[in-house]
Amino acid sequence: MEKYELLYQEAIKLELMSVSEAKEFQNNLRKMLSFCDFNISNDIKILGLDVSYKNNLSKASAVVFSLKDKEIIQTSVSRCAVRFPYIPGFLAFREVKPLIAAMRDITVDFDVVMVDGQGIAHPRRAGLACHIGYILKKPTFGCAKSRLFGKELGELGPKKGSFVALVDKNETIGAVLRTQDNVSPVYVSVGNMINLTNAIEITLKCSFSRIPEPLKIADKLSKIMAEV
DNA sequence: GCGACAG
DNA sequence: ATCTTGTCGC
(Lines give C-alpha, C1' and ligand atoms only; values in the text may rest on other atoms or scores of the structure.)
Protein backbone atom coordinates (compact mmCIF):
# COMPACT_ATOMS: atom_id res chain seq x y z
CA MET A 1 0.00 0.00 0.00
CA GLU A 2 1.16 3.51 -0.74
CA LYS A 3 2.86 5.54 1.96
CA TYR A 4 0.05 8.05 2.52
CA GLU A 5 -2.97 5.82 1.85
CA LEU A 6 -3.91 5.33 5.52
CA LEU A 7 -3.52 9.02 6.27
CA TYR A 8 -5.71 9.82 3.27
CA GLN A 9 -8.44 7.55 4.62
CA GLU A 10 -8.30 9.48 7.90
CA ALA A 11 -8.41 12.80 6.06
CA ILE A 12 -11.57 11.82 4.18
CA LYS A 13 -13.46 11.62 7.48
CA LEU A 14 -12.84 15.31 8.16
CA GLU A 15 -14.67 16.64 5.12
CA LEU A 16 -17.69 14.45 5.90
CA MET A 17 -18.22 16.04 9.33
CA SER A 18 -20.92 18.53 10.26
CA VAL A 19 -19.80 21.86 11.69
CA SER A 20 -20.74 20.78 15.23
CA GLU A 21 -18.82 17.53 14.83
CA ALA A 22 -15.89 19.50 13.45
CA LYS A 23 -15.94 21.77 16.49
CA GLU A 24 -15.91 18.79 18.84
CA PHE A 25 -13.07 17.24 16.83
CA GLN A 26 -10.99 20.39 17.27
CA ASN A 27 -11.63 20.53 21.01
CA ASN A 28 -10.27 16.98 21.27
CA LEU A 29 -7.39 17.64 18.88
CA ARG A 30 -6.04 20.51 20.97
CA LYS A 31 -5.37 18.07 23.83
CA MET A 32 -3.30 15.82 21.56
CA LEU A 33 -0.77 18.45 20.51
CA SER A 34 2.73 18.89 21.94
CA PHE A 35 5.10 21.80 21.49
CA CYS A 36 8.67 20.60 21.97
CA ASP A 37 12.07 21.89 20.86
CA PHE A 38 13.17 21.23 17.31
CA ASN A 39 16.85 21.09 16.40
CA ILE A 40 17.44 23.36 13.43
CA SER A 41 20.51 22.43 11.39
CA ASN A 42 21.68 24.14 8.23
CA ASP A 43 20.52 21.39 5.92
CA ILE A 44 16.95 20.72 7.00
CA LYS A 45 14.32 20.02 4.39
CA ILE A 46 11.01 21.85 4.65
CA LEU A 47 7.72 20.62 3.21
CA GLY A 48 5.54 23.51 2.01
CA LEU A 49 1.77 23.00 1.57
CA ASP A 50 -0.80 25.17 -0.21
CA VAL A 51 -4.18 24.94 -1.98
CA SER A 52 -5.79 26.87 -4.84
CA TYR A 53 -9.35 26.69 -6.18
CA LYS A 54 -11.01 26.80 -9.58
CA ASN A 55 -14.48 25.70 -10.63
CA ASN A 56 -15.27 23.95 -7.36
CA LEU A 57 -12.07 21.91 -7.61
CA SER A 58 -9.19 22.20 -5.17
CA LYS A 59 -5.62 22.02 -6.48
CA ALA A 60 -3.17 21.27 -3.69
CA SER A 61 0.60 21.18 -3.89
CA ALA A 62 3.40 19.83 -1.69
CA VAL A 63 6.99 20.93 -2.26
CA VAL A 64 10.17 19.92 -0.46
CA PHE A 65 12.64 22.80 -0.05
CA SER A 66 16.29 22.24 0.85
CA LEU A 67 17.51 25.02 3.13
CA LYS A 68 21.15 24.24 2.33
CA ASP A 69 20.75 24.33 -1.47
CA LYS A 70 17.99 26.95 -1.38
CA GLU A 71 15.99 25.03 -3.94
CA ILE A 72 13.00 22.75 -4.38
CA ILE A 73 14.06 19.12 -4.60
CA GLN A 74 10.67 17.48 -5.13
CA THR A 75 7.05 18.44 -5.83
CA SER A 76 3.70 16.63 -5.86
CA VAL A 77 0.13 17.74 -6.55
CA SER A 78 -3.52 16.71 -6.27
CA ARG A 79 -6.85 17.75 -7.67
CA CYS A 80 -10.06 17.10 -5.68
CA ALA A 81 -13.73 18.09 -5.74
CA VAL A 82 -14.47 20.62 -2.99
CA ARG A 83 -16.60 18.96 -0.30
CA PHE A 84 -16.62 21.45 2.59
CA PRO A 85 -17.38 25.20 2.45
CA TYR A 86 -14.99 27.87 3.63
CA ILE A 87 -15.98 28.75 7.19
CA PRO A 88 -13.51 30.82 9.26
CA GLY A 89 -12.15 28.49 11.95
CA PHE A 90 -12.87 25.32 9.96
CA LEU A 91 -10.41 25.55 7.08
CA ALA A 92 -8.90 22.15 7.93
CA PHE A 93 -12.12 20.34 7.03
CA ARG A 94 -11.85 21.82 3.55
CA GLU A 95 -8.10 21.54 2.93
CA VAL A 96 -6.59 18.60 4.84
CA LYS A 97 -7.74 15.91 2.41
CA PRO A 98 -6.48 17.72 -0.72
CA LEU A 99 -3.17 18.38 1.05
CA ILE A 100 -2.65 14.77 2.14
CA ALA A 101 -3.57 13.69 -1.38
CA ALA A 102 -1.01 16.13 -2.74
CA MET A 103 1.76 14.38 -0.81
CA ARG A 104 1.24 11.10 -2.68
CA ASP A 105 4.39 11.46 -4.81
CA ILE A 106 6.65 12.89 -2.11
CA THR A 107 9.30 10.22 -1.56
CA VAL A 108 12.19 12.23 -0.12
CA ASP A 109 12.47 12.82 3.63
CA PHE A 110 11.61 16.18 5.14
CA ASP A 111 12.18 17.50 8.67
CA VAL A 112 9.46 20.06 9.20
CA VAL A 113 6.17 21.10 7.59
CA MET A 114 5.14 24.69 6.80
CA VAL A 115 1.43 25.19 6.11
CA ASP A 116 -0.36 28.17 4.52
CA GLY A 117 -2.72 28.93 7.42
CA GLN A 118 -2.79 29.13 11.22
CA GLY A 119 -1.56 26.67 13.83
CA ILE A 120 -2.83 27.31 17.38
CA ALA A 121 -3.59 30.96 16.60
CA HIS A 122 -7.18 29.80 16.43
CA PRO A 123 -10.30 30.11 18.67
CA ARG A 124 -9.95 26.47 19.78
CA ARG A 125 -6.16 26.27 19.32
CA ALA A 126 -6.70 23.93 16.42
CA GLY A 127 -5.94 25.56 13.07
CA LEU A 128 -5.08 23.82 9.80
CA ALA A 129 -1.41 23.33 10.74
CA CYS A 130 -2.45 21.50 13.94
CA HIS A 131 -4.55 19.02 11.97
CA ILE A 132 -1.74 18.42 9.47
CA GLY A 133 0.88 18.08 12.21
CA TYR A 134 -1.23 15.65 14.16
CA ILE A 135 -1.98 13.47 11.14
CA LEU A 136 1.59 13.43 9.81
CA LYS A 137 3.26 13.19 13.24
CA LYS A 138 5.90 15.64 12.03
CA PRO A 139 7.03 19.03 13.38
CA THR A 140 4.51 21.41 11.76
CA PHE A 141 3.69 25.10 11.95
CA GLY A 142 1.47 27.59 10.18
CA CYS A 143 2.48 30.73 8.30
CA ALA A 144 -0.54 32.80 7.23
CA LYS A 145 -0.77 36.01 5.21
CA SER A 146 -3.45 37.46 7.47
CA ARG A 147 -4.83 37.17 10.98
CA LEU A 148 -7.61 34.87 12.09
CA PHE A 149 -7.50 35.20 15.86
CA GLY A 150 -5.58 36.92 18.66
CA LYS A 151 -4.35 40.45 19.21
CA GLU A 152 -0.91 41.90 18.57
CA LEU A 153 1.09 42.74 21.66
CA GLY A 154 2.73 46.06 20.86
CA GLU A 155 4.09 47.80 17.78
CA LEU A 156 5.94 45.82 15.13
CA GLY A 157 9.32 47.16 14.01
CA PRO A 158 9.99 47.81 10.29
CA LYS A 159 13.04 45.55 9.87
CA LYS A 160 13.27 41.92 8.79
CA GLY A 161 13.22 39.63 11.82
CA SER A 162 11.24 41.90 14.11
CA PHE A 163 8.11 40.38 15.60
CA VAL A 164 5.48 40.86 18.26
CA ALA A 165 3.48 38.23 20.11
CA LEU A 166 -0.02 37.31 19.05
CA VAL A 167 -1.96 36.74 22.27
CA ASP A 168 -5.34 35.67 23.60
CA LYS A 169 -5.93 36.65 27.23
CA ASN A 170 -2.55 35.92 28.82
CA GLU A 171 -1.57 33.20 26.39
CA THR A 172 0.87 33.63 23.52
CA ILE A 173 -0.63 31.81 20.54
CA GLY A 174 1.66 33.00 17.76
CA ALA A 175 3.80 35.79 16.35
CA VAL A 176 3.35 38.58 13.85
CA LEU A 177 6.64 38.42 11.95
CA ARG A 178 8.34 40.75 9.48
CA THR A 179 10.06 38.58 6.86
CA GLN A 180 11.60 41.53 4.92
CA ASP A 181 12.23 45.21 5.62
CA ASN A 182 9.11 47.34 5.18
CA VAL A 183 6.72 44.65 3.96
CA SER A 184 3.49 43.56 5.62
CA PRO A 185 4.07 40.79 8.19
CA VAL A 186 3.07 37.12 8.23
CA TYR A 187 1.36 35.27 11.07
CA VAL A 188 3.35 32.36 12.47
CA SER A 189 1.96 29.82 14.95
CA VAL A 190 2.87 26.28 15.94
CA GLY A 191 0.88 23.27 14.82
CA ASN A 192 2.50 20.28 16.56
CA MET A 193 5.88 18.97 17.76
CA ILE A 194 7.71 22.32 17.50
CA ASN A 195 7.93 25.58 19.47
CA LEU A 196 7.25 29.14 18.34
CA THR A 197 10.91 30.23 18.48
CA ASN A 198 11.85 27.38 16.12
CA ALA A 199 8.97 28.22 13.78
CA ILE A 200 10.01 31.88 13.60
CA GLU A 201 13.65 30.98 12.96
CA ILE A 202 12.81 28.54 10.17
CA THR A 203 10.44 31.04 8.56
CA LEU A 204 13.16 33.70 8.53
CA LYS A 205 15.80 31.31 7.19
CA CYS A 206 13.77 30.52 4.10
CA SER A 207 12.34 33.99 3.45
CA PHE A 208 13.90 35.82 0.49
CA SER A 209 10.79 37.92 -0.11
CA ARG A 210 7.63 38.46 1.94
CA ILE A 211 6.37 34.87 1.58
CA PRO A 212 8.80 32.13 2.68
CA GLU A 213 10.10 30.15 -0.31
CA PRO A 214 8.41 26.79 0.38
CA LEU A 215 4.98 28.46 0.47
CA LYS A 216 5.78 30.81 -2.37
CA ILE A 217 6.64 27.89 -4.65
CA ALA A 218 3.73 25.77 -3.40
CA ASP A 219 1.37 28.69 -4.10
CA LYS A 220 2.76 29.17 -7.58
CA LEU A 221 2.50 25.46 -8.37
CA SER A 222 -1.08 25.10 -7.12
CA LYS A 223 -2.15 28.16 -9.09
CA ILE A 224 -0.60 26.77 -12.26
CA MET A 225 -2.55 23.55 -11.60
CA ALA A 226 -5.72 25.61 -11.09
CA GLU A 227 -5.43 26.97 -14.63
CA VAL A 228 -5.33 23.54 -16.24
C1' DG B 1 -27.33 42.84 18.54
C1' DC B 2 -22.61 44.15 16.32
C1' DG B 3 -18.21 43.26 14.42
C1' DA B 4 -14.47 39.89 13.02
C1' DC B 5 -13.50 36.34 10.07
C1' DA B 6 -6.87 31.58 7.83
C1' DG B 7 -8.05 30.12 2.52
C1' DA C 1 -9.44 31.63 -2.29
C1' DT C 2 -11.34 34.06 -6.73
C1' DC C 3 -13.28 37.79 -9.79
C1' DT C 4 -10.04 41.77 -12.31
C1' DT C 5 -6.66 47.04 -15.17
C1' DG C 6 -4.20 50.04 -14.43
C1' DT C 7 -1.22 52.16 -11.46
C1' DC C 8 1.37 54.08 -7.22
C1' DG C 9 5.77 53.36 -5.02
C1' DC C 10 10.46 51.47 -3.96
Side-chain angles (χ1 to χ4, degrees), chain A residues 11 14-15 17 19 22-23 25-26 29-30 33 48-63 77-102 113-135 140-152 158-160 166-169 173-192 196 199 203 208-212 214-228:
Chain A
L14 296 182
E15 63 179 14
M17 289 183 184
V19 174
K23 198 169 197 172
F25 183 88
Q26 291 180 326
L29 173 64
R30 67 187 296 177
L33 307 173
L49 299 175
D50 190 33
V51 186
S52 290
Y53 297 91
K54 185 85 171 187
N55 299 329
N56 210 41
L57 285 178
S58 63
K59 320 294 172 82
S61 67
V63 306
V77 298
S78 74
R79 135 197 319 251
C80 303
V82 173
R83 296 286 172 74
F84 199 96
Y86 170 68
I87 304 171
F90 298 91
L91 183 63
F93 301 84
R94 179 178 173 87
E95 300 199 338
V96 165
K97 195 201 73 176
L99 288 173
I100 297 298
V113 184
M114 180 185 288
V115 183
D116 188 348
Q118 315 288 348
I120 64 169
H122 177 281
R124 291 169 292 283
R125 308 291 184 271
L128 175 60
C130 299
H131 292 70
I132 293 291
Y134 180 69
I135 289 176
T140 302
F141 65 96
C143 180
K145 295 177 288 300
S146 63
R147 187 193 66 91
L148 169 68
F149 189 73
K151 55 186 178 184
E152 302 181 23
K159 306 293 285 182
K160 172 176 183 175
L166 192 60
V167 304
D168 177 39
K169 308 287 175 52
I173 58 177
V176 184
L177 174 68
R178 195 85 73 184
T179 54
Q180 292 292 302
D181 292 356
N182 306 309
V183 299
S184 43
V186 297
Y187 297 75
V188 177
S189 59
V190 300
N192 195 18
L196 183 57
T203 300
F208 312 114
S209 61
R210 186 201 172 207
I211 304 301
L215 291 187
K216 187 174 178 178
I217 303 298
D219 179 67
K220 187 182 298 184
L221 181 56
S222 66
K223 276 175 179 159
I224 289 174
M225 289 289 297
E227 292 306 320
V228 183

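Below, read A as the first sequence line, B as the second, and so on, with proteins coming before strands; counting in each chain starts at 1.
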Rounded to the nearest 0.5 Å, what's the gap from CD1 on A/Ile211 to CG on A/Asp116? Could you check?
7.5 Å
For the residue pair A/Asn182 and A/Pro158, establish whether any side-chain heavy-atom pair is separated by less than 4.5 Å.
yes
Among residues two or more places apart or on two chains, list those pairs meeting salt bridge (charged side-chain N to carboxylate O under 4.0 Å, His left out) that have a residue in residues 92-101 of chain A.
A/Glu15-A/Lys97
Under the side-chain hydrogen bond (donor to acceptor under 3.5 Å, both in side chains) test, residues paired with A/Lys220 that sit two or more places apart:
none
Atom pairs, N/O to N/O, protein against nucleotides 3-5 of chain C, distance under 3.5 Å?
| unit_1 | atom_1 | unit_2 | atom_2 | d |
| --- | --- | --- | --- | --- |
| C/dC3 | OP1 | A/Lys54 | NZ | 3.0 |

Matching residue for A/Val96 among A/Leu91, A/Val51, A/Val115, A/Ile132 - test: side chain to side chain contact (heavy atoms under 4.5 Å, CB included):
A/Ile132
How would you label the contact of A/Asn182 with the nucleic acid (heavy atoms, under 4.0 Å): base, sugar-phosphate, or nothing?
nothing
Can any side-chain N or O of A/Ser222 pair as donor or acceptor with the backbone N or O of A/Ser61 at less than 3.5 Å?
no
A/Gln26 side-chain N/O to A/Gly89 backbone N/O, donor-acceptor pair under 3.5 Å:
yes
Indicate whether OP1 or OP2 belonging to C/dA1 is found under 4.0 Å from a side-chain N or O atom of A/Lys145.
yes
Please list every donor-acceptor pair under 3.5 Å in which a side-chain atom of residues 78-86 of chain A meets a protein atom from a residue at least two apart or in another chain.
| unit_1 | atom_1 | unit_2 | atom_2 | d |
| --- | --- | --- | --- | --- |
| A/Ser78 | OG | A/Pro98 | O | 2.8 |
| A/Arg79 | NH2 | A/Val228 | O | 3.4 |

Rounded off to whole Å, could you give me the CD1-to-P distance for the A/Ile224 and C/dT2 pair?
13 Å
For A/Ile217, what residues pass the side-chain contact (heavy atoms from CB on, under 4.5 Å) criterion, not counting sequence neighbours?
A/Val63, A/Ile72, A/Glu213
Outermost nucleotides of DNA chain B that come under 4.0 Å of a non-hydrogen atom of chain A
B/dA4 to B/dG7
Can you tell me how far CZ of A/Phe93 sits from CD1 of A/Ile87, rounded to the nearest 0.5 angstrom?
10.0 Å
Nucleotide C/dT2, atom C1' - distance to CZ of A/Arg94 in whole Å:
11 Å
Using a 3.5 Å limit for the pairing distances, which stems of at least 3 consecutive Watson-Crick or G-U wobble pairs does DNA chain B take part in?
none
Could you state the interatomic distance from CG (A/Asp50) to CG (A/Leu99), rounded to the nearest 0.5 Å?
8.0 Å
Report the residues that fulfil side-chain contact (heavy atoms from CB on, under 4.5 Å) with A/Arg125, sequence neighbours left out, ordered by chain and then residue number.
A/Arg30, A/Ile120, A/Phe149, A/Asp168, A/Glu171, A/Ile173
Tell me, what's DNA chain C's dot-bracket, Watson-Crick or G-U with both distances under 3.5 Å, | for other-strand, [ ] crossing?
..........
For a quick check of understanding: with a heavy-atom distance under 4.0 Å over all strands, which category does A/Phe84 fall into, base, sugar-phosphate or nothing?
nothing
Counting only heavy atoms not in A/Lys151, do more than 12 fall under 6.0 Å of its NZ?
no
Apply ring-ring contact (aromatic ring centres under 6.0 Å, His included) to A/Phe25 and list each qualifying residue two or more places apart in sequence or on a separate chain.
A/His131
Looking across every strand, which nucleic acid part, if any, lies under 4.0 Å from A/Arg147 by heavy atom: base, sugar-phosphate, or nothing?
sugar-phosphate
Listing request: all salt bridge (charged side-chain N to carboxylate O under 4.0 Å, His left out) pairs with a residue in residues 178-189 of chain A, at least two apart in sequence or in separate chains.
A/Lys159-A/Asp181
Under 4.0 Å, counting only non-hydrogen atoms across every strand here, what does A/Gly142 touch: a base, just sugar-phosphate, or nothing?
nothing
CG-CG distance between A/Leu29 and A/Asn192, expressed to the nearest 0.5 angstrom
8.0 Å
Are any protein N/O atoms closer than 3.5 Å to N/O atoms in nucleotides 8-10 of chain C? If there are, list each pair with its distance.
none

